[in-house]
Amino acid sequence: MQAERFCSFFSSFDVDVLILGSAGDGLEGPREVTELPIPEDGWLLADEPVDVSTGLVVVRVGDLETAVALADASVGSIGMLTGSDGFPTMGDLAALDGPVVPVLDWESIGGIPTSVEGCRAVIGFIVSSFEPERIDPIRTRITTSSIPDLGPLASACEMEQVDMILVLDVPDPSHLNGLQPSVETRRLGSGRSDCEPVDVIADGERWIPLIASRPLRLSNIDKEFFPDGTTKGDLIEYYARAAEVLLPHLAGRPISMSRYPNGIGGESFYEKRSPGHQPEWMETAVVDSESMGGEIDFLLASDRESLMWFANMGCIEIHPFHSQASDLEHPDYAIFDLDPADGSTWDQVVTATTMVKTMLDALSLVGYPKLSGSKGMHVYVPLEQGQQDYARVRRFVAAVGELMARANPTDITVDWKIPNRKGKVFVDANRNASGQTIASVYSVRPRPGAPISIPITWDEVATLTNGDVHLGNVAARVEGVGDLFAPVQAGGQTLDAAEERLEIS
DNA sequence: AAGATAT
DNA sequence: ATATCTTTAAACTGT
DNA sequence: ACAGTT
């Protein structure tokens, strides 16, 4: 039900992917099947046989191997229910040979979508996955105490010109929204005794399609994540909308999550390794761990649904590597992290940023500033891919930072010790390292007001401040000025000349 | 947040 | 079934 | 090796 809010939201900007079900649920693609041993009691692994009163015996098979065995050995048609967590998905069933009729259990994908678009998505997936004979009609089933309005499903069927049998296993037939039960169902298994199953044939109704290639379940979208009432749903929605400008900056980069499962007032933690319970469709990259031995599997953010999954995990901040999985040694940009220490002012941050600009000008380099969204400012210097490794980039930033601190010791420091930074802006060259945690451009920050790390022009350095751009107003700005960080994505500079000028080569 | 374990 | 517990970073500096 | 820093 909750996911529907997002279905309707997305329909407003032409979504090709439906949000429903969870990873491992019914709409995933076919999994690989190699051996097919028929278990001794293979048939009996069907845990909930149902007779749909059309001569079709429907079973839910406990595992993929049994499903395959059953499909091979079966003489007549047999219906197989989808399920979650090890049970066959619709994609699995599509891959089976034999007289198998797929039966979608709506529960396995989070219920019947309440929007026509959502229903069309599911139907489209089915239509594109099965030969027409196997899905005429499409057989589905729902077991719930609260059947939603079936209007959208009926409309979708009509638009898609498909027929559907919907088996309603409901405790109370009054939940059928006026639809007349037309076929009785006999339950063969040991179902709940308080359940009086009823069949409904949506006779003559027609329906539609869509591709639910990246099913995603969202949880607790109404949980307050920021004290102003901004919810987790708002966060997910933001990242979904920001995908267009954000994804290019994350492409191919291993992601560190900064997670706040209970909002910015709750506990938080970093998570780098892929947790293993992410959806199958999420991409990962192997990273060799430097100081620790071994390899680490990181998640990537390759599509909008990945961003939404991150947000659903309570990941408010997204921290991408500064290099791509294809060439982890070489960052695509240098970062000047300008961090105001205790007792310093925003004015000093502006001064520091301007000094960076002056230095870059003198070195014939181009940089791009962004509000960190938190306390300070970031300046990115796009680099030509594969030209300089992290150590070189770090040395360059450190050299510039030291010159700045020497030229203006009252405002700038590069001192590692916190007490020595008091009243100054810390230029942190160490952000230029593999696996470092810097909030991505367009990342929300876990602070009151949901500020965003937003690119600005050099002119705006003196006029904008952190908090000016936040979750509530960022869309208008990005639509107005576009992606000011696009040149960072483009890369293109080398540090050779600058290193000579700075005498650090 | 989500999975694992204990009751 | 439900309540509670467990897990969730790593690179870098400077002693 | 170890504590401190992000």
Side-chain angles (χ1 to χ4, degrees), chain A residues 2 22-25 84-86 192 216-225 231-233 235-236 254-279 282 286-299 308-323 328-329 331 335-342 372-378 389-395 397-398 401-402 413-422 425-440 443 445-446 453:
Chain A
Q2 291 183 322
S22 60
D25 283 351
S84 56
D85 200 25
R192 298 193 307 273
L216 172 67
R217 187 182 56 186
L218 306 175
S219 57
N220 302 319
I221 59 175
D222 292 324
K223 181 185 277 191
E224 186 169 296
F225 257 37
T231 64
K232 197 176 86 169
L235 183 74
I236 296 169
I255 301 294
S256 297
M257 290 182 279
S258 180
R259 294 179 54 186
Y260 293 73
N262 292 301
I264 68 173
E267 296 210 335
S268 72
F269 55 89
Y270 287 99
E271 191 166 26
K272 298 200 176 193
R273 312 178 118 82
S274 86
H277 57 76
Q278 76 273 22
M282 276 186 80
V286 175
V287 175
D288 275 317
S289 177
E290 193 83 6
S291 60
M292 305 178 66
E295 297 179 330
I296 299 176
D297 232 17
F298 277 74
L299 296 173
M308 294 175 71
W309 182 85
F310 283 127
N312 189 57
M313 297 306 284
C315 174
I316 294 177
E317 279 185 351
I318 294 177
H319 296 230
F321 272 44
H322 309 131
S323 51
L328 287 165
E329 303 300 309
I335 292 184
F336 288 83
D337 179 17
L338 309 175
D339 188 30
D342 278 358
S372 78
S374 184
K375 292 171 61 184
M377 192 87 78
H378 299 152
D389 62 18
Y390 276 108
R392 244 182 100 183
V393 173
R394 190 162 60 244
R395 193 165 62 241
V397 174
E402 278 160 25
T413 180
V414 293
D415 200 313
W416 189 250
K417 285 257 183 338
I418 291 180
N420 298 339
R421 301 178 193 164
K422 227 178 209 337
V425 175
F426 177 51
V427 181
D428 190 354
N430 282 338
R431 305 307 79 206
N432 297 278
S434 178
Q436 265 301 339
T437 50
I438 288 273
S440 161
S443 177
R445 306 304 303 274
S453 185

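Lettering follows sequence order; numbering is per chain, from 1.
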> To the nearest Å, how far apart are A:Asp342 CG and D:dT6 P?
Replying inline: 10 Å
> To the nearest Å, how far apart are A:Asp415 CG and D:dT6 P?
Replying inline: 11 Å
> Among C:dA11, C:dA9, B:dA1, which nucleotide sits nearest the side chain of A:Tyr270?
Replying inline: C:dA9
> Picking from A:Arg395, A:Gln436, A:His322, A:Glu329, what satisfies side chain to side chain contact (heavy atoms under 4.5 Å, CB included) with A:Tyr390?
Replying inline: A:His322
>> Show the nearest heavy-atom pair for residues A:Ser372 and A:Ser453, with the distance to one decimal.
In response: O-CB, 3.3 Å
> For the pair made of NE2 in A:His277 and P in C:dT6, what is the distance, rounded to whole Å?
Replying inline: 17 Å
> Which nucleotide, B:dA1, C:dT8, D:dT6, lies nearest any side-chain atom of A:Phe269?
Replying inline: C:dT8
> Looking only at heavy atoms, what is the nearest atom pair of A:Lys375 and A:Asp339, with distance?
Replying inline: CB-OD1, 4.4 Å
> Think A:Asn220 has a side-chain N or O under 4.0 angstrom from the OP1 or OP2 of B:dA2?
Replying inline: no
> If you check the A:Trp416 side chain, which of C:dA9, C:dA11, C:dG14 turns out closest?
Replying inline: C:dG14
>> Rounding to an integer number of Å, can you tell me how far A:His322 NE2 sits from C:dA10 C1'?
In response: 13 Å
> Which residue, A:Lys272 or A:Lys417, contacts DNA chain C at a nucleotide closer to its 5' end, judged by nearest heavy atom?
Replying inline: A:Lys272
> A:Ser256 near the nucleic acid: base, sugar-phosphate alone, or nothing, with a heavy-atom cut-off under 4.0 Å?
Replying inline: nothing
> So, is A:Ser258 near the phosphate of C:dT8, with a side-chain N or O under 4.0 Å from OP1 or OP2?
Replying inline: no
>> Could you tell me how far apart A:Leu299 (CG) and B:dA1 (C1') are, to the nearest whole angstrom?
In response: 14 Å
> Given the C1' atoms of C:dT8 and B:dA4, what is the spacing between them in whole Å?
Replying inline: 14 Å
> Separation of A:Ile335 atom CD1 from C:dC12 atom C1', in whole Å?
Replying inline: 15 Å
>> Can you see if the side chain of A:Arg431 gets near the phosphate of C:dA10 - specifically, an N or O under 4.0 Å from OP1 or OP2?
In response: no
> Who are the side-chain hydrogen bond (donor to acceptor under 3.5 Å, both in side chains) partners of A:Arg421, not counting sequence neighbours?
Replying inline: none
>> Under 4.0 Å, heavy atoms only, any strand: does A:Ile438 hit a base, just the sugar-phosphate, or nothing?
In response: nothing
> Taking CD1 from A:Ile296 and C1' from C:dA9, how many angstroms apart are they, rounded to a whole number?
Replying inline: 8 Å
> What pair of heavy atoms forms the shortest contact from A:Asn430 to A:Arg394, and how long is it?
Replying inline: OD1-CD, 3.5 Å
> Which one, B:dA1, C:dA11, C:dT13, comes nearest to the side chain of A:Phe225?
Replying inline: B:dA1
> Can you tell me how far C1' in C:dA9 sits from the matching atom in D:dT5, rounded to whole Å?
Replying inline: 13 Å
> Base, sugar-phosphate alone, or nothing: which one does A:Asp428 contact when heavy atoms must sit under 4.0 Å apart?
Replying inline: sugar-phosphate
> Quick one: A:Arg394 CZ to D:dT5 C1', roughly how many Å, whole number?
Replying inline: 14 Å
> How far does OG of A:Ser256 sit from CZ of A:Phe298, to the nearest 0.5 angstrom?
Replying inline: 5.0 Å
> D:dT6, C:dA9, B:dA1: which one has an atom nearest the side-chain heavy atoms of A:Arg259?
Replying inline: B:dA1
>> Nearest to the A:Arg273 side chain among C:dA11, C:dA9, D:dT6, which nucleotide is it?
In response: C:dA9
